[in-house]
Amino acid sequence: MDPSTQWKELNKKYYKFHQFNPITGEQKNLDFYYQHIAVAKWGGPLAATKNYDQVILMRTDDILKDSIVFFSNSGKIMSRTPYKEADKIPLFDFLEDEHLILLKTSGIYYIIDPFKGTKKNHDLGEQFKLNPIQRALVINNGFILMAMNFEFYYIQNAHEPEVQQFKASNLTQSPEHWQVIPSQKSASGKVELVIANPDGGILHIIENEKSKIYYNKDKITSEIDKKLPDLRNIKMLCLSPTFKNLALLQYYGQRWIMAFISNYFESSEYRQMPIDLKEDDVKKDETAEKDLSILERPRMMFWCGDDCVVLQLQQYIVLVSQDSYTKIKMNNQHFAMRSEYDGLRVLTQKKNEILRKLPDSYINVFEQLSVKPGAQLYCAYESFEQKNPIEDDDLRNSKSLLSEAVSDCVKCAQFEINPEYQIKLLKSGNYGKIFLGTQNLDPNIFNETARYLRVVNSLRRSGGVGGRVVTYEQVLQLIKTPDIMIGLLLKYNLHYLATEVSHFLKFQIKQRAAIYTHWACCKVEVQQDDDILCDIIKEKIKEERGVSFTQIAQKSIEIGKSQLALKLLDNEQSLSKRIPVLIWMANFQSANNNNSYYEKALGDAIISKDSNLIYFVIMKFLKIEMNETYKFNTLSQNPISQAHLVYYLRNFDDKYLQKYLQYYKKFDECGLLAINQAYQQNNLDEKIKFLDQALKYFAEDETDQFYKRIIAEQIIILKDLKSEVEKGRKKPNQAIMEERPINSIMEAFFTKDKPEFAQEFAKTYKIPDRRIYLTKVKTLINKKSWDELDKFMQEKNKKSIIIPYELVAELLIKGDQEEKAIQIIMKMPDVEESCRTLIKIGQQSSAVQVAINNKKIQLLYDIRGLIFDNSAKALLETYLSQNQK
């Protein structure tokens, strides 16, 4: 078709419907007017389902019977999802990731994959059963809804819904219309709502902030109101694709008014245009309604780029600019529209097309009888191609005119939809470049244009399912977010196309890795021998970096291929990624089959030498229901895992520690643990109970009778105190204060500066050195002898850690000496252990400072995810940014 035909003029500007392709499939029988229709952004598919709010007589709609149907861009059915419910649907639209969302008034909604036809159910809770949803709009991968009480709610992620409520709107009746501004486009950096206030003006609500109302000159409440046009009776409003311009459709004085506000709420620039919305030659449905504001109200309102607003009537569309408007009659009422970045996509029963404003370059080349340099060059090339060259010396001899002509031809090729004309225009530009040279022209303009046009045409030609009808400008926008672009292709398993596009546009490793990971996840579903599948996948992606074998293994285990998952995991280089997947795989198996996964996870954790990973495996291992003998044997086979197990149990799980010590017949340690538990009790009966247990444990060890005697004495003392309490001679609190701990004798020796007596006492009763040292530390803390404590710690821990720093710190914290505790931990020789201990007790800033003082950059990266304190985080990020390689 001649590019110069079917132009629509609007105040000396031209618009044109560009056809992407004809509709050849079942879509040509689709009833657009009476059904729920959704059109995906970026030239994606169309979805349709029955609208039970409409009364349809004598219509055949078998194509949508009891289902939601998805159509490709050629109009062919690509998938169908069963749907028989007759509930009202306040939201039927595509999310950013191109899943369809169908929301019912009760808060129940479905997310449907247009490629696979699978459906997932979600429920927003009971609050919307009593307060039904009236209307909702999609925002990114979530949506905003308005309930029957005229309050607004925000679901940021529809796949994992969490309902957040906006501040009170204070509306007393339903607004005529409202729109959403996403956070990435708003001035505040938050989600914003623009609402047509029923009482006049515009209600503006910002997420987590109070609402504001902007009125007009008749009701001034702020300086901004003085700048705005009359804001009465707003029936519809619409934001431009860049969210900089606001269009308002109003009805007052028995006429329709379109108001345009530039940089709304910030600028006084506005224009108003009276328009006529009558469709005199269109037969309307029979109705008793007489109100013209209802009868003539448009069905939908869109922006066509940032240039004009389009109103969708029953069989007409109305193009409205700030200075003029024009009506265009469609062939029938069966059409749907969707705003795109650079125009308005229009789908009918016959065509898939886009309405766009024509750029000056296009008009210069293709306007009839045009004498612009671009038109001359285009005609000159056509004549040259037909071997009948025309005289073009004037154009060749003027570098400025020739440069303009070449530029117009290239820009015109970028705008053109038809590949035949794209090629001809680029050849015309190249023909002019021969005579122009490179001085007056960007040398890369032809290569870049050809490259992006190749991507545009590849996306359109990729087949019925997954094909995208996009323009040059849309591709330039899409490549700014390559994750979204690649994600849309992978959604339809277009792996080869995604790979070619990624390579052609020089995307990063991240996008290529995502493509190959997705391909492998699809490949594992093939019914083939596990060894062969594993070899195929390894061979395909061996040269690719960043591919996630853990993600592929997860997919394998989900479909029941556990052995293939294990084979694939062996190729994952990152143990920190592999181990959690092994644990996750173990949870998928029955209790009798998951041992090998836990053992493999433990082995990998030990190889990693990462204490966090080892503790993670131990924690998960202990939680599963399994024979405890097997657990202890497995965790104790390696000295590294055994040391971590003991440390973990001592610090976090007294119950399992007791079982562990009993299993290994360490009765003295069992007794000491029972003593520790006894003195954590505030009840005398409980204390006696635990001390009785300690006595039994110490009785099992015939070699050391010291503890047995001391415990027996303590039990007698406590029973005497209990008797005193029961007789009413002493209060329970007083009794507890008079208890005598086991090491009170040694404490007395150290307190009275008789350390030689303490040593003799310990030697007589074979008390371990470590306990003696800890008793002395405790005494020094009680006496607040800080210099002596530092000297003692340095002396005993000079060659090896005999007195645990963290234990001393714990004693200091219990004695309200937190600052001293931090100083002690910061002196630990193991910097990593020092940092992690400080984090554990909540001293994040000190932990970061220790790592910085010791120039441990890798350690800072390791603890980065554990730092939540703002000042500590700022200190860490500042240091890392200053010391990046």
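Nothing here was measured: the structure is a model prediction, and the numbers come from that model. Numbering starts at 1 and runs along the sequence shown.
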Heavy-atom count around Gln184 CD within 6.0 Å, excluding the residue itself: above 12?
-> yes

For Arg255, does the CZ atom have more than 12 heavy-atom neighbours from other residues, nucleotides or ligands under 6.0 Å away?
-> no

Can Arg468 be said to sit on top of Trp42's aromatic six-ring, NZ or CZ under 6.0 Å from centre and within 45° of the ring axis?
-> no

Face-on cation placement of Lys491 at Phe115 ring, 6.0 Å and 45° thresholds | no

Is the backbone of [Y] close enough, under 3.5 Å, to the side chain of [X] for a donor and an acceptor to pair up by distance?
X: Asn233; Y: Tyr252; result: no
X: Lys119; Y: Pro82; result: yes
X: Gln422; Y: Glu416; result: yes
X: Arg297; Y: Lys235; result: yes
X: Ser370; Y: Asn364; result: yes
X: Asn157; Y: Gly142; result: no
X: Ser502; Y: Glu500; result: no
X: Lys327; Y: Lys278; result: yes
X: Glu340; Y: Gly43; result: yes
X: Thr105; Y: Lys88; result: no

Would you name the heavy atoms of [X] and [Y] that are closest together and state the gap between them?
X: Ser174; Y: Met146; result: OG-CE, 3.8 Å
X: Gln349; Y: Leu30; result: NE2-O, 2.7 Å
X: Asn493; Y: His518; result: OD1-CE1, 3.2 Å
X: Arg356; Y: Gly343; result: CG-CA, 4.0 Å
X: Leu358; Y: Lys16; result: CD2-CB, 3.8 Å
X: His177; Y: Gln179; result: CE1-NE2, 4.1 Å

Test Glu382 against Lys424 for salt bridge (charged side-chain N to carboxylate O under 4.0 Å, His left out), laying out the working first.
-> CA-CA 8 Å; Glu382 279 190 320; Lys424 189 177 288 188; 3.6 Å; yes

We want to know whether [X] and [Y] form a side-chain donor-acceptor pair, criterion being a heavy-atom distance below 3.5 angstrom.
X: Glu353; Y: Asn21; result: no
X: Glu98; Y: Tyr492; result: yes
X: Tyr110; Y: Glu85; result: yes

Taking side chain as C-beta onward, heavy atoms only, is [X] less than 4.5 Å from [Y]?
X: Thr118; Y: Ile112; answer: no
X: Phe20; Y: Ile417; answer: yes
X: Arg454; Y: Phe504; answer: yes
X: Leu91; Y: Ile101; answer: yes
X: Val39; Y: Met337; answer: no
X: Leu453; Y: Tyr472; answer: yes
X: Gln511; Y: Asp483; answer: yes
X: Leu490; Y: Ile515; answer: yes

Worked verdict on His159 versus Ile111 for side-chain contact (heavy atoms from CB on, under 4.5 Å) = CA-CA 8 Å; His159 299 280; Ile111 293 181; 3.8 Å; yes

Verdict with reasoning, Ile133 to Lys104, per side-chain contact (heavy atoms from CB on, under 4.5 Å) = CA-CA 7 Å; Ile133 298 166; Lys104 300 196 293 184; over 6 Å; no

At what distance, to the nearest 0.5 angstrom, does [atom1] of [X] lie from [atom2] of [Y]?
X: Leu489; Y: Tyr496; atom1: CG; atom2: OH; value: 13.5 Å
X: Met301; Y: Met258; atom1: CE; atom2: CE; value: 4.0 Å
X: Phe71; Y: Gln27; atom1: CZ; atom2: CD; value: 6.5 Å
X: Leu124; Y: Leu103; atom1: CG; atom2: CG; value: 6.5 Å
X: Ser262; Y: Asn245; atom1: OG; atom2: CG; value: 4.5 Å
X: Ser339; Y: Arg345; atom1: OG; atom2: CZ; value: 12.0 Å

Check the pair Val346, Gln312 against side-chain contact (heavy atoms from CB on, under 4.5 Å), reporting the backbone distance first and the verdict last.
-> CA-CA 11 Å; Val346 183; Gln312 180 182 352; over 6 Å; no

Classify the ring geometry between Phe32 and His334 as parallel (under 30°), tilted (30 to 60°) or perpendicular (over 60°).
-> tilted

What class does the angle between the rings of Tyr362 and His18 fall in, given that below 30° is parallel, 30 to 60° is tilted and above 60° is perpendicular?
-> perpendicular

List the steps, then state whether side-chain hydrogen bond (donor to acceptor under 3.5 Å, both in side chains) holds for Thr242 with Asp306.
-> CA-CA 7 Å; Thr242 58; Asp306 263 336; 2.7 Å; yes

Partner of Leu425 by side chain to side chain contact (heavy atoms under 4.5 Å, CB included), out of Tyr378, Phe415, Tyr381 = Tyr378

Flag the pair Asp323 and Arg271 as a salt bridge only when some basic side-chain nitrogen lies within less than 4.0 angstrom of an acidic carboxylate oxygen.
-> yes

Of Gln474, Gln477, Lys357, which is the lone residue that meets side-chain hydrogen bond (donor to acceptor under 3.5 Å, both in side chains) with Asp342?
-> Gln474

Output, in order, the C-alpha distance, side-chain angles, deciding distance and verdict of side-chain contact (heavy atoms from CB on, under 4.5 Å) for Leu100 and Asp93.
-> CA-CA 6 Å; Leu100 180 77; Asp93 201 357; 5.7 Å; no

